[in-house]
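Only this structure's heavy atoms are used, side chains among them; waters, hydrogens and symmetry mates stay out.
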Amino acid sequence: MTPDTTPAELEQALADAAAAAPALGASEPAARAGWIRAVADALDAAADELVPIAMRESSLPEARLRGEVARSSGQLRMFADVLDEGSLLDVIIDTADPDAKPVPRPDLRRVLVPLGPVLVFAASNFPFAFSVCGGDTASALAAGCPVIVKAHPGHPDLSVRTAEVMIDALRTAGAPDGTLGLIQGFDVGVTALKDPRITAAGFTGSVPAGKALHEIAVTRPEPIPFYGELGSLNPVFVTQAAIDARGKDIATGYVGSFTLGVGQFCTKPGLLFLPSGHGLQEQLAEATGGVAEAKMLNDKIQEGFTSGLDRLQKVEGIRVWSAGAATLLQTTVTELVAHRDEILEECFGPVSIVVEYDGVDELKAAVETFEGNLTATLHAEESDTELAAELLPLLTARAGRVLWNGWPTGVAVSWAQHHGGPYPSTVGSIHTSVGVTAARRFQRPVAYQDTPDAVLPAVLKDSNPAGISRRINGAVTTGEVSR
């Protein structure tokens with residue numbers, strides 16, 4: 001077992017991060033991009049060493065883990081490209097206008113600056129993509145923030161070795177010492193979260209742990225933003241027209257989605273709403289029964305799943321359609337509404353619930369039972385346009401990503417992606433933890449008024465020496481400022 005970080009080691013990590021923050025924040029976008037690309041290259045080069053460690057600690061298959069390495073290095077390179085292009089800094093310049101009405105306008109130049117050292121709590125279910133080299137770390141580094149990662153106990157050796165690879169790459173590329181650090185131990189993470197040198201935190205994990213950490217973050221003498229992803233049920237709603245058109249494909253797609261990764265995805269569809277008389281019970285049960293046995297990430301998660309499954313099966317109105325390596329349960333909207341709190345408690349692992357509804361009113365009532373979720377999915381046909389127009393606003397109010405005729409497992413890393421949602425799926429519904437705009441969580445705006453060009457940050461100077469994209473007097477340009 002990897003020992004917890006000692007108080008002296010934690011103090012050194014915090015001091016190093018604080019010391020690195022000014023230089024990292026003042027770094028030119030191109031320099032920062034170079035450091036991040038160096039980390040991406042180092043991760044790819046170390047994959048043959050890192051993946052076997054991850055396999056041993058997580059029980060995940062090699063192909064899945066190699067895909068995670070590629071995802072991690074890919075999103076690092078994406079952030080590097082965005083730094084080169086400049087829009088991550090969101091530079092906005094309004095030049096002085098003495099003739100502006102009702103009063104003259106001063107010269108105003110706005111840019112996003114880094115908050116400072118960020119604490120990242122790594123997740124268990126993605127040993128690369130949501131861990132030491134994951135999206136929280138990548139987006140914070142791109143924002144110009146030093147990062148201290150609190151390693152997840154589910155893969156401690158992998159965390160140590162991944163951090164070593166990344167730190168060596170950063171140092172060799174010329175990044176300030178202290179740009180990245182690693183700590184181990186739950187209590188150590190709590191102590192770090194309380195430290196005034198930490199300016200923001202990211203978390204992916206359980207509702208109880210996330211709520212407790214969030215409370216610490218916002219009740220500090222100087223509160224800080226805490227971006228927690230806490231849990232999600234990701235309901236899927238299916239119309240009769242969709243059943244008629246492709247019912248069998250929906251059944252097999254659903255089982256494949258809720259059992260993907262042994263049901264250990266935060267985007268796993270936890271409930272499937274089908275119209276009464278759908279006729280898919282036999283196919284759903286057969287597909288679920290054919291799922292192969294596989295180990296969960298660790299014993300603690302297995303124990304939690306076993307306990308959660310036992311709890312669900314004891315809820316009045318819940319019936320078992322298929323049990324084995326994966327479990328399929330069934331109920332109705334009436335029973336769901338009557339036992340909402342018990343049924344709508346996430347069970348992390350290979351189980352999902354089919355909920356049968358009678359008519360449009362029950363379908364709407366089903367949507368309205370939900371609190372915030374990462375995703376909500378509607379399977380419908382062109383003939384459902386009127387119904388979809390009624391349902392989509394209800395789904396939008398309850399989810400950060402609304403899918404049409406798809407499955408929520410699988411989160412593309414892109415500009416437009418939003419991986420977040422209303423509480424309790426996250427504690428900050430206006431931000432994403434995946435994609436380019438994830439960096440916004442670790443930045444704040446500063447506007448300079450009538451400041452001489454000679455002392456402005458380089459990205460705000462008239463000559464635009466970095467050649468980045470800027471919005472000048474309302475128009476996006478990469479050119480110089482004309483007065």
Once rounded to the nearest 0.5 Å, what's the spacing between atom [atom1] of [X] and atom [atom2] of [Y]?
| X | Y | atom1 | atom2 | result |
| --- | --- | --- | --- | --- |
| Arg319 | Ile353 | CZ | CD1 | 11.0 Å |
| Ser59 | Arg64 | OG | CZ | 11.5 Å |
| Leu274 | Phe237 | CG | CZ | 11.0 Å |
| Phe370 | Ser425 | CZ | OG | 12.5 Å |
| Phe128 | Ser159 | CZ | OG | 9.5 Å |
| Thr409 | Leu260 | OG1 | CG | 5.0 Å |

May I ask you to decide if [Y]'s main-chain N or O and [X]'s side chain share a donor-acceptor pair within less than 3.5 Å?
| X | Y | answer |
| --- | --- | --- |
| Glu57 | Leu158 | yes |
| Lys268 | Gly349 | yes |
| Thr239 | Ala242 | yes |
| Glu49 | Ala46 | no |
| Arg398 | Val367 | yes |
| Gln184 | Pro3 | no |
| His379 | Gly406 | yes |
| Thr172 | Asp168 | yes |
| Thr179 | Pro176 | yes |
| Arg220 | Leu193 | yes |

Problem set entry | Within 6.0 angstrom of Arg444 CZ, more than 12 heavy atoms from elsewhere | no
Exercise. Take atom CG in Asp299; do more than 12 heavy atoms of anything else shown fall under 6.0 Å from it?
Worked result: no
Do [X] and [Y] meet the criterion of a side-chain donor-acceptor pair at a distance under 3.5 Å?
| X | Y | answer |
| --- | --- | --- |
| Gln302 | Thr306 | yes |
| Gln417 | Ser414 | no |
| Arg340 | Thr369 | no |
| Ser232 | Asn373 | yes |
| Thr267 | Asn234 | no |

Between [X] and [Y], which heavy-atom pair has the shortest distance, and what is it?
| X | Y | result |
| --- | --- | --- |
| Ala143 | Pro114 | O-CB, 3.2 Å |
| Gly231 | Glu346 | CA-OE1, 3.2 Å |
| Ser352 | Pro269 | OG-O, 2.9 Å |
| Ile198 | Ala192 | CG1-O, 3.2 Å |

Is the shortest side-chain N to carboxylate O distance from [X] to [Y] below 4.0 Å?
| X | Y | result |
| --- | --- | --- |
| Arg37 | Asp81 | yes |
| Glu164 | Arg161 | yes |
| Arg66 | Asp48 | yes |
| Glu215 | Lys211 | no |

Problem set entry | Residue of the set Thr162, Val69, Leu65 for which side chain to side chain contact (heavy atoms under 4.5 Å, CB included) holds with Leu50 | Thr162
Seminar exercise, completed: The single option from Asp4, Val149, Leu119 that satisfies side chain to side chain contact (heavy atoms under 4.5 Å, CB included) with Ile183 is Leu119
Exercise. Which word best sums up how the rings of Tyr254 and Trp407 line up, parallel for under 30°, tilted for 30 to 60°, or perpendicular for over 60°?
Worked result: tilted
Exercise. When you look at Leu336 and Leu344, which way does the side chain to side chain contact (heavy atoms under 4.5 Å, CB included) test go after all the steps?
Worked result: CA-CA 8 Å; Leu336 170 65; Leu344 297 185; 3.8 Å; yes
Exercise. Within 45° of the axis and under 6.0 Å from the centre of the six-membered ring of Tyr227, does NZ or CZ of Arg441 qualify?
Worked result: yes
Problem set entry | Pro29 side chain near Leu89 side chain, heavy-atom distance below 4.5 Å | yes
For this session: Using the side chain to side chain contact (heavy atoms under 4.5 Å, CB included) rule, take Arg311 and Glu345 through it: C-alpha gap first, then chi angles, then the decisive distance, then the call.
Result: CA-CA 10 Å; Arg311 173 188 56 77; Glu345 181 178 339; 3.8 Å; yes
Problem set entry | Chi angles and distances behind the side-chain hydrogen bond (donor to acceptor under 3.5 Å, both in side chains) call for Ser433, Asp136 | CA-CA 7 Å; Ser433 64; Asp136 282 350; 5.2 Å; no
For this session: Please test Glu286 against Gln283 for side chain to side chain contact (heavy atoms under 4.5 Å, CB included), starting from the C-alpha separation and ending with a verdict.
Result: CA-CA 5 Å; Glu286 182 180 350; Gln283 182 162 350; 5.6 Å; no
Exercise. Mind checking whether Phe126 and Phe265 have ring centres under 6.0 Å apart?
Worked result: yes
Exercise. Between Leu88 and Leu112, does a side chain to side chain contact (heavy atoms under 4.5 Å, CB included) hold up when you go through it step by step?
Worked result: CA-CA 8 Å; Leu88 193 65; Leu112 296 181; over 6 Å; no
